[in-house]
Amino acid sequence: MSDLSLSLPDNDISHHLSQRSEDSASSLAALIATASPDTLDSILETLIDRFLLFCSSDRPQIDAQITFLASVAQPDEPVYQFTLLRACSGPGVIAERLSQKLYGLLWEHTSRAATPDIKWDKRHPKKYYATVALNATVLARAFATQEAFRSVLWREVEDVIIKGLFSGEQQEPGVFIALTALFLGAGAEIREYLASGVQGNWMGWLWWDDVRTEDKRWGWEDIAEAVWKVPDPKMDSRLPDFAKINISVAKHHLAQDEMSSLDSETLAHKVFCWVDDT
């Protein structure tokens with residue numbers, strides 16, 4: 001078989017993502033499986049970039065896009081080859097690349113990078129919050145709907161929780177939107193994941209050194225307790241009203257005994273509806 005990566009332009013990847021058919025999933029899976037080491041990175045980068053672009057253009061359909069992406073990662077007929085030299089040549093390659101991309105996109109909206117300043121925090125435009133709402137929704141719904149992705153995506157989920165709940169009172173404002181997306185869009189699955197024996201690692205993060213601190217383990221009970229303590233009054237005064245409402249809704253959602261996660265359509269229309277005014 002010829003190297004499809006040289007003959008399949010970017011717009012063909014976009015075409016398959018727009019079609020979301022079984023044939024499209026098979027074509028993309030075959031493309032990844034037969035890619036040479038020299039071209040695999042560029043194909044995966046294009047695939048994830050185009051996937052996120054489609055998610056951005058139609059937020060209610062994020063779940064459908066994630067389901068299609070998962071079908072590319074796990075086709076009905078195995079096409080991936082596993083080798084010791086290419087450890088990421090199997091289905092996990094897509095989850096891993098999505099994880100890396102989301103970490104980079106979320107970092108600047110969930111991680112302090114400069115001395116906290118009230119004037120600067122209040123100057124963040126609505127687009128800043130809309131961007132984190134989109135990327136955190138993708139993370140939440142991928143974690144919630146694709147069990148095969150969870151062990152990889154947990155790193156990003158854990159990072160947001162540590163920075164938002166366990167790292168003091170100098171959070172990056174965008175982290176509260178990310179927490180909202182995670183707790184509303186994947187709260188039930190996060191609770192289930194932690195109940196399976198997984199524990200969160202570390203209970204602190206120093207923004208000025210970008211290092212985790214307090215080598216302690218935490219679970220769902222720690223989340224349920226800590227969420228009621230954020231944002232503190234000083235941080236609360238820096239947040240726009242829609243962010244305050246969002247995190248308040250997330251808190252009450254977590255307090256439900258029979259909690260179920262909200263799908264991407266509900267998140268777009270009922271929770272992050274303010275994004276439409278961006």
Side-chain angles (χ1 to χ4, degrees), residues 1-36 39-80 88-106 127 130-149 152-153 156 181 185-186 261-273 275-276 278:
M1 182 179 293
S2 61
D3 190 346
L4 295 178
S5 62
L6 298 179
S7 60
L8 190 72
D10 292 356
N11 62 347
D12 280 355
I13 292 180
S14 295
H15 172 74
H16 288 310
L17 286 168
S18 67
Q19 293 297 305
R20 298 203 302 260
S21 66
E22 291 184 10
D23 287 344
S24 290
S26 297
S27 296
L28 287 174
L31 174 68
I32 296 168
T34 57
S36 69
T39 58
L40 180 60
D41 277 348
S42 63
I43 291 172
L44 291 171
E45 183 173 0
T46 299
L47 174 62
I48 297 302
D49 283 349
R50 296 297 181 273
F51 159 76
L52 291 172
L53 186 61
F54 274 93
C55 289
S56 175
S57 64
D58 195 354
R59 294 181 298 115
Q61 290 297 309
I62 285 175
D63 282 7
Q65 287 291 350
I66 290 170
T67 298
F68 176 73
L69 191 68
S71 71
V72 176
Q74 298 176 298
D76 292 334
E77 296 183 9
V79 296
Y80 295 101
C88 62
S89 61
V93 65
I94 292 179
E96 182 65 40
R97 185 54 62 101
L98 178 62
S99 169
Q100 294 173 6
K101 187 70 174 183
L102 288 175
Y103 178 82
L105 291 172
L106 284 168
K127 184 175 177 59
T131 300
V132 68
L134 167 66
N135 295 321
T137 296
V138 172
L139 173 60
R141 296 307 296 155
F143 186 88
T145 63
Q146 304 303 322
E147 189 171 355
F149 286 8
V152 175
L153 295 179
E156 281 59 62
S261 298
L262 307 184
D263 60 28
S264 61
E265 185 173 5
T266 304
L267 288 171
H269 291 319
K270 300 291 183 65
V271 180
F272 300 128
C273 49
V275 172
D276 295 332
T278 304

* Is a side-chain donor or acceptor of T67 paired with a backbone partner of D63 at a separation under 3.5 angstrom? -> yes
* To do: Identify the two heavy atoms, one from F54 and one from S14, that lie closest to each other, and give their separation to 0.1 Å.
  => CZ-O, 3.4 Å
* May I ask you to test the I62-L267 pair for a side-chain heavy-atom distance under 4.5 Å? => no
* Asked: Within a strict 4.5 Å, meaning less than it, do heavy atoms of the F149 and S99 side chains meet?
  -> no
* Might you point out which heavy atoms bring V152 and A95 nearest each other, and give the distance in Å? => CG1-O, 3.6 Å
* Asked: What pair of heavy atoms forms the shortest contact from A25 to S71, and how long is it?
  -> CB-OG, 3.4 Å
* Are any of the side-chain heavy atoms of I48 and L69 separated by less than 4.5 Å? -> yes
* Is there a side-chain contact between F51 and V72, using heavy atoms and a 4.5 Å cut-off? -> no
* Asked: Taking the side chain as C-beta and beyond, is there a heavy-atom pair between Q146 and L153 under 4.5 Å?
  -> no
* If you round to the nearest 0.5 Å, how far is CG of L139 from CG of L98? -> 8.0 Å
* Could you walk me through whether D276 and R59 pass the side-chain contact (heavy atoms from CB on, under 4.5 Å) test, one step at a time? => CA-CA 10 Å; D276 295 332; R59 294 181 298 115; 2.8 Å; yes
* **Criterion side-chain contact (heavy atoms from CB on, under 4.5 Å) on Q65 and L17, from CA distance to verdict** => CA-CA 8 Å; Q65 287 291 350; L17 286 168; 4.1 Å; yes
* Partner of S24 under side chain to side chain donor-acceptor pair (under 3.5 Å), chosen from S21, S26, S27 -> S21
* **Side-chain touch L31/D12, heavy atoms, less than 4.5 angstrom** => no
* Of the non-hydrogen atoms in A144 and G185, which two are nearest, and what is the gap between them? -> CB-O, 3.4 Å
* To do: Please list, chain by chain and in numerical order, all residues satisfying side chain to side chain contact (heavy atoms under 4.5 Å, CB included) with D49, sequence neighbours excluded.
  => E45, K101
* Asked: Any donor-acceptor pair under 3.5 Å linking the side chain of T145 with the backbone of R141?
  -> yes
* How close do A181 and T137 get, heavy atom to heavy atom, and via which atoms? -> CB-N, 3.8 Å
* Asked: Between CG of L28 and CZ of R50, what distance do you get to the nearest 0.5 Å?
  -> 12.5 Å
